[in-house]
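What follows is a single structure, written as structure tokens, with notes after it.
Remember, predicted model here, so these are calculated numbers, not experimental data. Values below: all heavy atoms of this structure, side chains included; hydrogens, waters and symmetry mates excluded.
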Amino acid sequence: MEYIFKSETSLKRIQDIREFLLSDKWMLILSLVAAVFACLHSYHIKGDYQIWGTVVLAYITGFCFLMSGDIITMLIPTMFTYMIAMRCYNSLAKFLDIAWLFVPLVPMALFNLIAYRKKPTTKGSQFKPMLFVSIAVILGGVGFISPKEYFSGTSLYHMLGIGFAMLLIYCYFYAKIDVPKDYSLIEKITKIMVVMGLFASFMVIAHYMINIQKAIENQGLLYVRWRNNLSTILMIVMPFAFLMARNKSYATIFGFLFYFAMLITGSRGAMVFGTIEIVMCTVMFVLYDKRRRLAYGIICGCIVVAALMFLPQILTFFDYTIDRLFRVFNQFILGGGEDSETRVKHYARGIQDFLNRPIFGTGLGYMGNRDIFQNKAGSLCWYHCEPIQIAASFGIVGIIAFIYQFIKRNALIWKKATFFNMTIFLSYFSLEMMSLVNPGILCPMPYLLLVTLFMVIVEKCNNEVQQEKIPILKKFRNKLQEKK
């Protein structure tokens, strides 16, 4: 914008706007706007409020693209846009009907790239592993998949989104993101993630409140169509609540709120992996955040006592999810034949597809599994399990590339055992867990994008920010040295 407005008064106003776009007030305004559309959709499920909410928030995001080149400024409305867009299940046709509304967003994005341009750099530690993954993804299905499937819009979006486009975004992020002097990058990203978690929790709780009569009649969980995406977001953000609690005591309760919100979505993955995550987060911060040990102990004690007191009611309330969960376990272990659930069939088919095409796999655009499940327009024929998806879609080449990338990501995170890095580890590891039963991290927007952003922030902060280190395994090392 500095290229357009030259006067000191105009530049001052622009700077004031940019500061406002990073403020708590702005996040509150976005929360209220998004909450209106979320509540309208829960109240009238057959309406298109979620679609119009996505449009409104997309234009707000576009405005931020015009006003600022700060990646963090653009992240805030982008995440709110996604939170509403996740409710647009099977709505591709409706979005295509109003595609003209999104045309002005293209020049907004181009303006941002030109006006706030920085030359992408390949200096980041994740460049090489992401390059290898990009090559493996492009090679996926070569010599097997039909050209129509390979070059379909859905296939290209995911191939580029997982591969070379995300690599370019990483290089751009690495060039653009610097540790700012006017605010703490770690505190800002922590606050954004916690706000996302609070809004996600609000979405599902409001859905219950609006449909409370139906919930009472059912005496159990309500059907939440967007449960897996919402739970995935909550798993990503949960560790940040514990990190925030180190400085703001009231945030201690947020992580447990996120876990509760996950459970009432009815997501089986959230029930299993969310439980593992809340235990990991609690243990981590009880061990190393000494000031909050009593608070965590009281909260956990109250939860255990309440669970024991109301165990029959809790089991009745979650009966549907528990039943579905054990049914999958039984079928996965014992085999369910033709009566197996869709996911179990996908796992078996994925292993079979890998064995049939072991080198390059079947490719992301392969639609040979539609006999198991008719994927919606604009969606891939997912295997709903990241390791199986990688093996089946990209073969041995993909397995090697993705393992290398996984190792390099963790090497970066564990290079310095700080509270922030361990928070990123818990967030990333939890996303990987959820990806065992959902597309998860293989979805370019927003999950892989967030991981890419996290890797850049970790590397920048490792190099430029003084952080308190956690004495991970220090006691064990000391004992080993004493024995020697």
Side-chain angles (χ1 to χ4, degrees), residues 31-32 34-54 83-91 94 197-235 238 253-254 256-275 278 302-331 336 339-344 373-374 376 384 434 437-438:
S31 299
L32 293 174
V36 169
F37 289 104
C39 290
L40 286 172
H41 182 231
S42 289
Y43 181 74
H44 186 50
I45 199 75
K46 294 183 179 179
D48 291 331
Y49 298 108
Q50 75 282 15
I51 292 175
W52 295 111
T54 303
M83 298 291 282
I84 297 301
M86 74 167 63
R87 301 173 71 127
C88 303
Y89 184 78
N90 197 26
S91 299
K94 292 181 180 179
L198 290 172
F199 183 72
S201 302
F202 165 81
M203 278 175 57
V204 67
I205 293 171
H207 184 69
Y208 270 83
M209 293 298 99
I210 290 169
N211 298 281
I212 190 65
Q213 190 60 42
K214 188 175 180 181
I216 293 171
E217 292 173 0
N218 290 347
Q219 293 186 341
L221 292 165
L222 288 176
Y223 176 63
V224 181
R225 176 169 282 176
W226 25 278
R227 59 194 174 202
N228 288 324
N229 280 320
L230 190 79
S231 296
T232 303
I233 288 290
L234 286 166
M235 291 190 72
M238 183 194 288
I253 197 67
F254 291 162
F256 297 94
L257 171 65
F258 298 167
Y259 176 59
F260 171 73
M262 267 190 260
L263 291 180
I264 63 174
T265 63
S267 168
R268 291 172 291 184
M271 178 173 281
V272 175
F273 300 120
T275 301
I278 193 73
C302 290
I303 290 172
V304 170
V305 171
L308 292 174
M309 287 177 62
F310 300 100
L311 186 60
Q313 292 86 346
I314 291 171
L315 291 175
T316 299
F317 187 80
F318 291 107
D319 178 65
Y320 179 62
T321 306
I322 294 170
D323 180 65
R324 291 168 59 236
L325 183 60
F326 278 101
R327 189 162 63 243
V328 168
F329 279 151
N330 289 334
Q331 291 175 358
D339 296 329
S340 294
E341 283 210 6
T342 301
R343 270 181 173 76
V344 178
F373 181 76
Q374 286 289 327
K376 304 301 181 183
H384 287 84
M434 195 62 163
V437 292
N438 285 294

Can you measure from [atom1] ([X]) to [atom2] ([Y]) and round to the nearest 0.5 angstrom?
X	Y	atom1	atom2	result
I278	F258	CD1	CZ	10.0 Å
L222	Y320	CG	OH	12.5 Å
S91	D48	OG	CG	7.0 Å
E217	N211	CD	CG	10.5 Å
L221	D319	CG	CG	9.5 Å
R225	M86	CZ	CE	14.5 Å

Min side-chain heavy-atom separation [X]-[Y] under 4.5 Å:
X	Y	answer
R268	V437	no
F273	T232	no
I314	I322	no
M209	S42	no

What are the two closest heavy atoms between [X] and [Y], and how far apart are they?
X	Y	value
S31	F199	O-CE1, 3.6 Å
R87	A38	NH2-O, 3.2 Å
A200	I233	CB-CG2, 4.4 Å
C88	T54	SG-OG1, 3.7 Å
G269	M434	C-SD, 3.8 Å
F317	I264	CE2-CG2, 4.2 Å

- Please indicate whether F260 has more than 12 foreign heavy atoms, meaning atoms of other residues, nucleotides or ligands, lying under 6.0 Å from its CZ.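 Open.
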
- Message: Can you confirm whether Q219 is buried at CD, in the sense that more than 12 heavy atoms of other residues, nucleotides or ligands lie under 6.0 Å from that atom?
- Response: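 At most 12 heavy atoms, drawn from other residues, nucleotides or ligands, come within 6.0 Å of this atom.
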
- Name the one of M271, M238, R227 that satisfies side chain to side chain contact (heavy atoms under 4.5 Å, CB included) with M262? M238

- List the steps and the verdict of side chain to side chain contact (heavy atoms under 4.5 Å, CB included) for V36 and L32. CA-CA 6 Å; V36 169; L32 293 174; 5.7 Å; no

- Message: Using a 3.5 Å distance criterion without hydrogens, assess whether the side chain of R343 forms a donor-acceptor pair with backbone atoms of H384.
- Response: no

- Message: I'd like to check the side-chain contact (heavy atoms from CB on, under 4.5 Å) partners of A261; sequence neighbours left out, ordered by chain and number.
- Response: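 If we apply the side-chain contact (heavy atoms from CB on, under 4.5 Å) test to A261, skipping adjacent residues, the hits are S201, V204, L234.
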
- Query: Residues in ring pair (Phe, Tyr, Trp, His ring centres under 6.0 Å) with F37, at least two apart?
  - Reply: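 Scan of F37 (ring pair (Phe, Tyr, Trp, His ring centres under 6.0 Å), adjacent residues dropped) gives none.
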
- Note on the structure: ring pair (Phe, Tyr, Trp, His ring centres under 6.0 Å) pairs touching residues 205-231, sequence neighbours excluded, are H207-W226

